[in-house]
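On a predicted model such as this, the values are computed, not experimentally measured, just so you know.
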Amino acid sequence: MERHRKYLKILFFIAIPQLVWSQVILNEILFDVDGADYHEEFVEIYNLSEAATNLSGWAIADSQNIDAIVDAGGELMLAGHQYAVILDGSYFGNSDVYDDVIPEEALIVKIDGNAFLRSGLPNSKPATLFLINADSTVVQTYRYTIDNAPGHSEEKRSLTVDNSQQNWGNSLVAGGTPGMRNSLLPDKLDLGFYQENIQYHPTANLLTGQTIYLETAIENVGLEQYTGPLRFTVFIDRDRDSVFNNQDQMVVDWQNEVNIQSGDTIQFKGQWTPEEPDNYLIIAEIQAPKDENESNDRLYLQLRIFEGRQTLIINEINFLGGGDRAEWIELYNKGSQPVQLDQWSISDGRDTARINLTLAMSPDTYFVISEDTLNTNLLDVDTSNFFITSDFPTLNNQYDIIYLLNPAGAWIEQVAYEEDWLEGETWRMPSLERIYINGNSRERSNWGPSTAAQGSTPTRKNSIQLEQKPVTTHLSVHPNPFSPDGDGYEDHTLISLQMPAETARMQVEIFDIQGRKVRTLLDNTFTGSHAEVIWNGRDDKNKVVAMGIYIIYVEVLDDSNGMLKQLKESVVVARKL
């Protein structure tokens, strides 16, 4: 054995640069067994040719050690197109895990020692293995990686391609495939997904009521042309049983006879608009009767969808705290549908109070977020609709900006109040109440001091709230999403406004989800009952904005009727995948 090691050092300097083609190849390596039983490590080789090869005098080595291949009680003749599994010498008498796994037609041999390369195949750092023939020539070399899960071997993908790491991968089968076809070896007829996941956009801030675009591709990864029926489906697995049934929602259902050459792909697109916030499981599935490999016929995608209904508003603010008086902010649901409050937030730009309650806020109801010094005796109200938190922002008495953020972190509403909005009534420490629920939250004229005897109206209708006259106004954006990338396709979006007034003045501004204004499109512009304005996706500095969700904020002032209307719509700036 010592003679072999000395010779090997000379061999590595002389023979490695002269690698020759060999009909016998390295094909699989299990270097990290599941557990501490090193006896179960193995190296598999394969004979590519028709002619048999005598393995007598062959060896497995690394840069420091060499292990001779010897018989395991049988012969050393490797037949044409036959696998040979080289077991650790200590396997026999210490393990039987492969006794019923290795096929009878495979050749079983072993090394002449009790551990590969003296102390076992390394599994904490990559290692290079050499296959040496009876003439002491290195005929195969491969440096394996160590990203395998325990018990999963490293396999060759294509037997006739070189030993680059791109042509090797982790076995799909626990325990590997000793003495048999590699799990990574392509089947003759195999349709599989081109990528390992479903592509979707937008990729962040996914909200209810927002259209989500899904894309994937099916590739013929088999060795031969696939001709026959194919069904491709994408469904929302609501009951999470991985099987489509009446409780699930089908997004894509495509069926056809196909003729796909090896290596060709078919692109698929679909879209889905979630109506409720939840953690959704989306499954894409290939159904092809002639497919010989089902392991690559499914993709799974988990998507967290947040509440996107923009019917929550900031309705009342108690910022004059101190002593027994806590600071708090009241929300109101002005819509017709419940809104899940989980993960909505109130922020002043410095601190954020996130609601971590699984609670549906019904239409025409109120909810109060307060600091943890709340004295309920001073309010004399039922606090079941209160959320008390130590993370509540400290509200300044003179001036502050309050943001209402949806669960995706997008800015929904903003109030930049000042102390003089209380009209000189600070001596009685009233709350600041909203006057019109549909009015502009940023306008001083839409806020005033509470006139209630207690100085505030938490969880109740505001004391100074006024009803507006009915106004039918419609704001639309198309296309949405749009992609201002200069390719001539959907580079602009058209903002259209229909209103009942004959004439009005209009303000149109674009904000990002953090509440920062990026573009003013119209500034107090006189307009008729129908107005259209185009946005090219650029900011006020004529730079293309980043991908994401933006808020179109529109104010309409009807001078003749003294009516102020505030409208908001989201638009997605996207890029092609």
Side-chain angles (χ1 to χ4, degrees), residues 311-335 339 341 344-349 351 353 355 361-389 392-404 412-469 562-564 566:
T311 58
L312 282 188
I313 63 171
I314 299 172
N315 196 52
E316 189 173 0
I317 306 168
N318 192 68
F319 61 85
L320 294 178
D324 290 333
R325 295 179 59 87
E327 296 177 347
W328 47 265
I329 296 171
E330 179 192 73
L331 305 180
Y332 174 67
N333 181 4
K334 66 178 184 178
V339 174
L341 288 177
W344 282 74
S345 302
I346 287 288
S347 175
D348 66 349
D351 302 303
I355 304 171
M361 187 174 172
S362 301
D364 193 29
T365 58
Y366 305 86
F367 187 82
V368 174
I369 306 173
S370 173
E371 61 180 340
D372 57 2
T373 58
L374 179 68
N375 188 333
T376 57
N377 294 328
L378 293 178
L379 298 175
D380 191 26
V381 294
D382 178 9
T383 57
S384 59
N385 284 338
F386 275 68
F387 178 69
I388 302 173
T389 174
F392 189 84
T394 300
L395 304 180
N396 297 327
N397 289 355
Q398 287 75 36
Y399 170 81
D400 214 335
I401 303 178
I402 299 173
Y403 300 91
L404 174 62
I412 299 300
E413 195 164 57
Q414 178 192 85
V415 182
Y417 70 81
E418 297 180 22
E419 185 179 17
D420 62 7
W421 287 20
L422 293 177
E423 307 291 348
E425 296 290 308
T426 54
W427 59 273
R428 61 184 182 86
M429 302 188 72
S431 66
L432 187 65
E433 292 185 343
R434 191 172 187 144
I435 299 173
Y436 297 108
I437 61 173
N438 292 316
N440 187 351
S441 66
R442 299 185 300 158
E443 288 292 335
R444 171 179 176 168
S445 60
N446 198 32
W447 295 88
S450 174
T451 60
Q454 301 91 341
S456 61
T457 56
T459 71
R460 302 190 302 273
K461 182 178 178 179
N462 289 348
S463 61
I464 58 174
Q465 180 176 317
L466 296 178
E467 301 298 332
Q468 285 183 302
K469 297 177 182 179
M563 187 68 66
L564 180 68
Q566 168 199 352

In this structure, which one of Asn333, Thr457, Asn462 forms a side-chain hydrogen bond (donor to acceptor under 3.5 Å, both in side chains) with Asn315?
Asn462
Taking only residues at least two apart or on different chains, which pairs with a member in residues 392-402 satisfy salt bridge (charged side-chain N to carboxylate O under 4.0 Å, His left out)?
Arg350-Asp400
Please, which pairs that meet salt bridge (charged side-chain N to carboxylate O under 4.0 Å, His left out) have at least one residue in residues 311-322, sequence neighbours excluded?
none
Are [X] and [Y] side-chain neighbours, meaning at least one heavy-atom pair lies under 4.5 Å?
X: Thr459; Y: Phe386; answer: yes
X: Leu331; Y: Leu404; answer: yes
X: Val368; Y: Pro458; answer: yes
X: Asn446; Y: Arg434; answer: yes
X: Val415; Y: Trp421; answer: yes
X: Leu320; Y: Leu422; answer: yes
X: Phe367; Y: Ile355; answer: yes
X: Ser431; Y: Glu330; answer: no

Which heavy atom of [X] sits nearest to which heavy atom of [Y], and what is that distance?
X: Glu327; Y: Leu395; answer: OE1-N, 2.9 Å
X: Lys334; Y: Asn438; answer: NZ-OD1, 3.1 Å
X: Tyr399; Y: Asn396; answer: O-CB, 3.1 Å
X: Gln414; Y: Ser441; answer: O-OG, 2.7 Å
X: Gly455; Y: Arg428; answer: CA-NH1, 4.4 Å

How many angstroms lie between [atom1] in [X] and [atom2] in [Y], if you round to the nearest 0.5 Å?
X: Asn318; Y: Leu432; atom1: CG; atom2: CG; answer: 9.5 Å
X: Ile329; Y: Ile402; atom1: CD1; atom2: CD1; answer: 3.5 Å
X: Thr389; Y: Asp351; atom1: OG1; atom2: CG; answer: 10.5 Å

Apply side chain to side chain contact (heavy atoms under 4.5 Å, CB included) to Glu419 and list each qualifying residue two or more places apart in sequence or on a separate chain.
Gln398, Thr426
Using the side chain to side chain contact (heavy atoms under 4.5 Å, CB included) criterion, which residues pair with Ile464? Sequence neighbours excluded.
Glu433, Ile435, Thr451
Sorted by chain and residue number, the ring-ring contact (aromatic ring centres under 6.0 Å, His included) partners of Phe319 (sequence neighbours excluded) come out as Tyr417
So, using ring-ring contact (aromatic ring centres under 6.0 Å, His included) as the criterion, who are the partners of Tyr332 when residues are at least two apart?
Tyr366
Under 3.5 Å, side chain of [X] to main-chain N/O of [Y], donor-acceptor pair present?
X: Glu371; Y: Phe392; answer: no
X: Ser450; Y: Ala452; answer: yes
X: Arg444; Y: Asp420; answer: yes
X: Arg442; Y: Ala416; answer: no

Show, in sequence, the C-alpha distance, side-chain angles and deciding distance for Phe387 and Leu341, and conclude whether the side-chain contact (heavy atoms from CB on, under 4.5 Å) test is met.
CA-CA 11 Å; Phe387 178 69; Leu341 288 177; over 6 Å; no
